[in-house]
Amino acid sequence: MKFSQTLHDIIMIKLIDIDKFVQSRFKKTFILKGIDLEIAEGEFVTIMGPSGAGKSTLLNIIGLLDPPSAGEYYLLDQPVHKLKERQRSDLQKHTIGYVFQAYHLIDELTVYENIETPLLYQNMPGKQRKARVAELLDRFQMVAKKDLFPEQLSGGQQQLVGVARAIAGKPRLLLADEPTGNLHSEQGKEVMELFKQLNKEGMTIIQVTHSEENAQYGERIIRIVDGAIEKDERIVKEKEQEA
Ligand SMILES: Nc1ncnc2c1ncn2[C@@H]1O[C@H](COP(=O)(O)OP(=O)(O)O)[C@@H](O)[C@H]1O
Ligand SMILES: [Mg+2]
């Protein structure tokens with residue numbers, strides 16, 4: 001049987017025997033050990049597991065924020081482990097968007113400026129940049145809030161700005177580490193619905209969450225325990241079963 005989603009034919013992420021360890025004088029402590037993982041373009045994946053299991057470490061490696069200690073990582077067929085810093089940073093800027101639990105907005109910048117930031121890093125021309133920010137403000141119903149500063153917004157609104165900023169540069173991959181961890185359930189739902197929509201539009205999403213309910217928005221759950229993948233399962237949705 002073939003999956004209906006054609007995007008799923010492109011392998012976006014391939015991790016081969018990835019380790020992450022910290023070395024002290026007398027011993028090596030493994031944070032991740034022997035991670036093998038393939039994620040196809042267009043997937044919506046959830047990483048779950050107990051606190052301290054290594055979820056954030058794994059997401060940071062996938063997001064090129066932190067190098068693995070050993071193993072191979074291919075992102076869109078590029079051997080990340082072999083790239084020079086400059087190439088890695090270019091790949092990062094043009095491919096990946098990040099959403100953080102604590103929003104990580106820049107306090108001194110307005111909503112507009114926060115959303116604009118990644119586009120400046122991408123050297124997008126001014127006119128195009130303005131159009132893109134306007135489009136996002138509109139989509140996120142934030143036009144009236146564009147000149148406010150993060151502290152003038154609710155947590156839910158700040159996270160919407162966080163998501164708008166993350167997708168401003170139209171990344172193919174969106175990474176979110178406990179994006180609803182600081183939100184009320186209604187606000188959390190809004191963010192999850194947004195992710196679902198973005199995924200429908202073709203964006204690959206990998207999120208870390210403690211919420212089984214949030215995990216149901218995706219289609220695959222990877223469970224990490226003690227730095228290793230304990231379980232990797234597809235969520236079978238009713239619609240898919242009928243097809
Ligand atoms: N730079 C580091 N040095 C030492 N230990 C670390 C470092 N980063 C993470 N750890 C440890 O690795 C484990 C996994 O951390 P993390 O990936 O943040 O877990 P999770 O996100 O699943 O809660 C934890 O025990 C944490 O204390
Ligand atoms: Mg974490």
Side-chain angles (χ1 to χ4, degrees), residues 2-20 32 34-47 54-100 104 117-125 128-129 132 136 162-177 179 194-209 217-222 224 229 232-235:
K2 207 171 174 306
F3 292 120
S4 54
Q5 303 95 324
T6 51
L7 275 173
H8 284 205
D9 296 339
I10 302 171
I11 297 300
M12 177 173 246
I13 289 161
K14 191 176 172 86
L15 300 180
I16 304 172
D17 205 11
I18 290 284
D19 291 341
K20 180 76 182 179
L32 295 173
I35 300 282
D36 291 310
L37 182 61
E38 267 185 26
I39 293 173
E41 178 144 47
E43 283 199 77
F44 186 163
V45 177
T46 303
I47 299 173
K55 304 181 297 295
S56 295
T57 305
L58 177 59
L59 204 68
N60 290 343
I61 288 173
I62 292 172
L64 312 181
L65 299 173
D66 193 18
S69 308
E72 294 174 32
Y73 175 18
Y74 297 87
L75 176 58
L76 290 165
D77 287 331
Q78 302 244 36
V80 172
H81 51 286
K82 286 185 190 158
L83 294 183
K84 298 207 171 66
E85 186 49 44
R86 174 69 198 277
Q87 297 169 306
R88 201 161 30 229
S89 121
D90 277 350
L91 183 61
Q92 185 179 16
K93 268 190 292 200
H94 291 98
T95 313
I96 311 175
Y98 307 89
V99 179
F100 303 95
H104 287 202
T117 306
L119 304 179
L120 291 166
Y121 284 126
Q122 285 187 358
N123 296 318
M124 186 184 280
Q128 212 178 321
R129 221 165 55 222
R132 179 63 179 150
L136 287 160
V163 177
R165 178 186 58 182
I167 65 165
K170 303 195 174 164
R172 285 165 78 173
L173 174 61
L174 183 68
L175 301 178
D177 198 348
L194 196 53
F195 279 14
K196 197 163 110 184
Q197 187 54 38
L198 290 166
N199 178 246
K200 265 196 194 153
E201 294 165 16
M203 200 176 283
T204 307
I205 299 182
I206 308 177
Q207 67 167 354
V208 171
T209 183
Y217 284 86
E219 55 191 10
R220 176 178 173 191
I221 302 179
I222 296 170
I224 308 272
I229 295 175
D232 182 350
E233 57 192 344
R234 288 185 71 83
I235 298 173

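Index from 1, following the sequence.
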Item to complete: May I have the step-by-step check of side-chain contact (heavy atoms from CB on, under 4.5 Å) for Y121 and Q92, ending in yes or no?
Response: CA-CA 11 Å; Y121 284 126; Q92 185 179 16; over 6 Å; no
Would you compute the distance between atom [atom1] of [X] and atom [atom2] of [Y] and round it to the nearest 0.5 angstrom?
X    : Y    : atom1 : atom2 : answer
L198 : I167 : CG    : CD1   : 4.5 Å
K14  : L76  : NZ    : CG    : 13.5 Å
I13  : L175 : CD1   : CG    : 7.0 Å

What are the two closest heavy atoms between [X] and [Y], and how far apart are they?
X    : Y    : answer
D77  : Y74  : O-CD2, 4.3 Å
I96  : P171 : C-CB, 3.6 Å
I62  : Y73  : O-OH, 2.7 Å
Q78  : L91  : NE2-CD1, 4.1 Å
D177 : S56  : OD2-OG, 2.6 Å
Q207 : P179 : OE1-CG, 4.3 Å

Is any side-chain heavy atom of [X] less than 4.5 Å from a side-chain heavy atom of [Y]?
X    : Y    : answer
L58  : L15  : yes
L75  : M12  : yes
F195 : V163 : yes
E43  : R234 : yes
R165 : H104 : yes
I224 : I229 : yes
T204 : R172 : no
L83  : L64  : no

Fill in: Evaluation steps, side-chain contact (heavy atoms from CB on, under 4.5 Å), between D36 and I16
CA-CA 5 Å; D36 291 310; I16 304 172; 4.1 Å; yes
Practice prompt. Report the C-alpha separation of L173 and I39 in whole Å, then their side-chain angles, then the decisive distance to 0.1 Å, and conclude whether the side-chain contact (heavy atoms from CB on, under 4.5 Å) test is met.
Written response: CA-CA 11 Å; L173 174 61; I39 293 173; over 6 Å; no
Item to complete: Step by step, work out the side-chain contact (heavy atoms from CB on, under 4.5 Å) result for I235 and T46.
Response: CA-CA 10 Å; I235 298 173; T46 303; over 6 Å; no
Worksheet item: Of I47, T209, L32, which is the lone residue that meets side chain to side chain contact (heavy atoms under 4.5 Å, CB included) with K55?
Response: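 The option that passes is I47.
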Sidechain-backbone polar pair: [X] side chain, [Y] backbone, donor-acceptor under 3.5 Å:
X    : Y    : answer
K93  : P118 : no
E219 : F44  : yes
R129 : M124 : yes

